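Values reported hereafter were calculated over all heavy atoms of this structure, with side chains retained and with hydrogens, waters and symmetry mates removed. Letters A, B, ... are given to chains in the order of the sequence lines, protein chains preceding strands, and every chain is numbered from 1. These numbers were taken from a predicted model, which means no experiment stands behind them.
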Amino acid sequence: MKTHLLIRAKVSCEHFTRAAGGIPSVNREIFLLYLIKIGIAMLEIKFIRQNLSMVQEALSLRRQQASLDAFMTHEEERRLTLTQIETLRHRRNKVSETIATMKKSGREPLELVEEMRGVSAKIKDLEKALSENEEALFEILLSIPNIPHPSVPAGKDSNDNPVRKEVGEVPRFSFSPKAHWDLGESLGILDFERAARITGSRFPLYFGAGARLERALINFMLDIHTQESGYQEVLPPFIVNRRSMTHTGQLPKFEEDLFALKGWDYFLVPTAEVPVTNIHQGEVLEEEALPIRYTAYTPCFRSEAGSYGKDTRGLIRQHQFNKVELVWFSAPETSYEALETLLADAEKILKRLELPYRVVTLCTGDLGFSAAKTYDIEVWMPAQGVYREISSCSNFEDFQARRADIRFKRKGKKGTELVHTLNGSGLAVGRTVAAILENNQQADGSVIIPEALRPYMGGLEAIRP
RNA sequence: GGAGAGAUGGCCGAGUUGGUCGAAGGCGCUCGCCUGCUAAGCGAGUAUAUUCCGAAAGGGGUAUCCCGGGUUCGAAUCCCGGUCUCUCCGCCA
């Protein structure tokens, strides 16, 4: 982490070129991606121009289709037009001043006014060209993903995610454990068939102790985060506008994953990350206020486009699910410590619920669009005999902050800096219900309520058929 | 849904007969001084982005007074559209 801060702080282009040649091959990919980050994401265009081929190579390593040629064409044009405009505007400003003083002294500056008429028309033309040009440029910029932190392992998909640790005892059953959807239906607490009639597939319908379990978990999680871990609770809008979605990176690239509201240009939130991170969009925060830490419950709505046939049964992959989220606004130099704390805060919930889980570090190929580094927490699901993601904790560094314009001011220093944003599930509630059902099931079909949760369940110790 | 008011710097708040307004004043903040005792006094400084010159200190350009258009040689100021906020009426969980 030290190195990357150093790298980013200030290094000459020659330094980069030299270093890139001499680094070990495993890190080379990440290193090159880092070049893009400081280059494109930070709008350090000069660097790209001087190291075009290397940047191009780095892009292709992330299997990016984005064309740097197009980017460069637009960028060259932009700089050219901008220079012309600024020169003309300078002239106009100067002459306007002259006109003002001349008029004051009673003279009519007819020729000057005539000249300025032409200048203004020219400026208008150029401005139109510029805005078209910038639109194209901006679109490309918004489609370029964040660059992984150097500590992120290289890999191509989830099979390459190294396991960081395993926690808890995987339960042994003297019978063959049932899937949570079977348990849920036989206990009368889950009804996917009726939910499908109400809406369609992949919507949840809870009854009785099941509905209460879901509600209990939400309260339990929020209480732990606020009372023990020091987060501030927020209850944000569940519908957000296009701008907010762009700030956190869901748009423009992933619109098909979202539910949009007809006629509104509004979207149902796919995660509380979107409304909560956007709380501070466009703000300059005080250094002493950092880190700002929020926890929020929201339902989450995802179209799950492209996941047909995957996890078709049960609570694992729903169009609507509940989640308690943790969101940080951190100073850059402490954001990776923050990520560890965030992860621990999420893990705490699983420990209290006595659910076995493991933590994996996402490799470069599995990393989400906006994230620089992500840990997934995966809970053990006995019926399928696999670990399933129940939380995802990420550091976005300044990627979202740049898009959302969230900055902070250091005491006694001039200027502002972008904050780092982080977030993680703490936890996905539906999947937690599924995990409790499967891990705590008994031979007679009943399910034991984790002790920590019983106060939230009116003292109920088990859900029985 | 109907009627009206408003949107200015980190915050509050002037400025609307168009022209040295990037914007008075205050608060806050930074530095220095004084006093001496816990709360004040004095002085100086203090927007952001981007670009250029410079080793740096610093200096120059451009943009930004909600957003987008328009009028004009010139717009925080005038006109049109939009967004948001507030007040009153109606309706509603």
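Remark: P of G74(B) and CD of E115(A) are 12 Å apart, rounded to the nearest angstrom. Protein atom NE2 of H280(A) is 14 Å distant from nucleotide atom C1' of G10(B), rounded to whole Å. Between L82(A) atom CG and U64(B) atom P the separation is 13 Å, expressed in whole Å. Nucleotide A49(B) holds its P atom 10 Å from the CD atom of E417(A), rounded to whole Å. Taking atom CZ of residue R89(A) and atom P of nucleotide U51(B), one finds them 15 Å apart after rounding to whole Å. L285(A) places its CG atom 14 Å from the P atom of U48(B), with the value rounded to the nearest Å. When rounded to the nearest whole Å, the span between CZ of R403(A) and P of A49(B) equals 19 Å. The separation between M116(A) atom CE and G18(B) atom C1' is 19 Å, rounded to whole Å.
Residue-level contact check: I99(A) touches the bases, meaning some heavy atom is under 4.0 Å from a base atom. Contacts of K103(A) with the nucleic acid, taken as non-hydrogen atoms under 4.0 Å apart, include base atoms. Nucleic acid contact class of K124(A) (heavy atoms, under 4.0 Å, all strands): sugar-phosphate only. Residue-level contact check: T101(A) touches neither bases nor backbone, having no heavy atom under 4.0 Å from any strand.
With a cut-off of 3.5 Å on both Watson-Crick or G-U wobble distances, the partner of U77(B) is given as none. Using Watson-Crick or G-U wobble geometry with both donor-acceptor distances under 3.5 Å, A14(B) finds no partner in any strand shown. Within the shown strands, nothing qualifies as a pairing partner of C92(B) under the Watson-Crick or G-U definition with both distances less than 3.5 Å. Across all strands shown, G22(B) remains unpaired; no Watson-Crick or G-U wobble contact has both distances below 3.5 Å. Base pairing annotation: G6(B) forms a Watson-Crick or G-U wobble pair with C84(B), both donor-acceptor distances under 3.5 Å. A56(B) makes up no base pair with any nucleotide shown, lacking Watson-Crick or G-U wobble contacts both under 3.5 Å. Across the strands present, G43(B) finds its partner in C31(B); the criterion is a Watson-Crick or G-U wobble pair with both atom distances under 3.5 angstrom. Across the strands present, A63(B) finds its partner in U48(B); the criterion is a Watson-Crick or G-U wobble pair with both atom distances under 3.5 angstrom.
The P atoms of G22(B) and A3(B) are separated by 39 Å, rounded to the nearest whole Å. G61(B) and C79(B) are spaced 32 Å apart, taking the P atom of each and rounding to whole Å. The gap from the C1' atom of G25(B) to that of G82(B) amounts to 33 Å, rounded to the nearest Å. The separation of U35(B) from G43(B), taken at their C1' atoms, amounts to 15 Å, rounded to a whole angstrom. For the P atoms, the distance linking A75(B) with A63(B) amounts to 10 Å, nearest Å. Comparing A14(B) with U77(B), their C1' atoms sit 13 Å apart, to the nearest whole Å. If you take atom C1' in U17(B) and the same atom in G26(B), they sit 28 Å apart, rounded to whole Å. Nucleotides A5(B) and A93(B) place their P atoms 31 Å apart, quoted to the nearest Å.
Contact annotation: the side chain of T98(A) never approaches that of P109(A) to less than 4.5 Å [non-hydrogen atoms, C-beta and beyond]. The side-chain heavy atoms of V327(A) and T421(A), taken from C-beta on, include no pair separated by under 4.5 Å. With contacts defined as side-chain heavy-atom distances shorter than 4.5 Å, the pair F396(A)/N423(A) qualifies. The shortest side-chain heavy-atom distance between H149(A) and E397(A) falls under the 4.5 Å cut-off.
For the pair R407(A) and A100(A), nearest-nucleotide mapping onto RNA chain B gives the more 5' position to A100(A).
Aromatic ring centres of F238(A) and F301(A): separated by at least 6.0 Å.
For G61(B), its base sits under 3.5 Å from the side chain of E86(A) at one donor and acceptor pair at least.
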Run the side-chain contact (heavy atoms from CB on, under 4.5 Å) test on L268(A) and L261(A) for me, step by step, so that the C-alpha distance in whole Å, both residues' side-chain angles and the decisive distance to 0.1 Å come before the verdict.
CA-CA 7 Å; L268(A) 299 180; L261(A) 272 82; 3.8 Å; yes
Check the pair Q318(A) / F192(A) against side-chain contact (heavy atoms from CB on, under 4.5 Å), numbers first and verdict last.
CA-CA 11 Å; Q318(A) 298 273 295; F192(A) 293 103; 3.8 Å; yes
In sequence, state the C-alpha distance, the side-chain angles, and the governing distance for T81(A) and N133(A), and then conclude on side-chain contact (heavy atoms from CB on, under 4.5 Å).
CA-CA 9 Å; T81(A) 317; N133(A) 171 259; 5.7 Å; no
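The phosphate of C73(B) (OP1 or OP2) has a side-chain N or O of R117(A) nearer than 4.0 angstrom. Within the 4.0 Å cut-off from OP1 or OP2 of G74(B), not a single side-chain nitrogen or oxygen of N93(A) is found. Put simply, S131(A) has no side-chain N or O that comes within less than 4.0 Å of OP1 or OP2 on G68(B). Listed pair S120(A) / G74(B) meets the phosphate criterion, a side-chain N or O lying under 4.0 Å from OP1 or OP2. Remark: H90(A) is not in phosphate contact with G61(B), judged by side-chain N or O atoms under 4.0 Å from OP1 or OP2.
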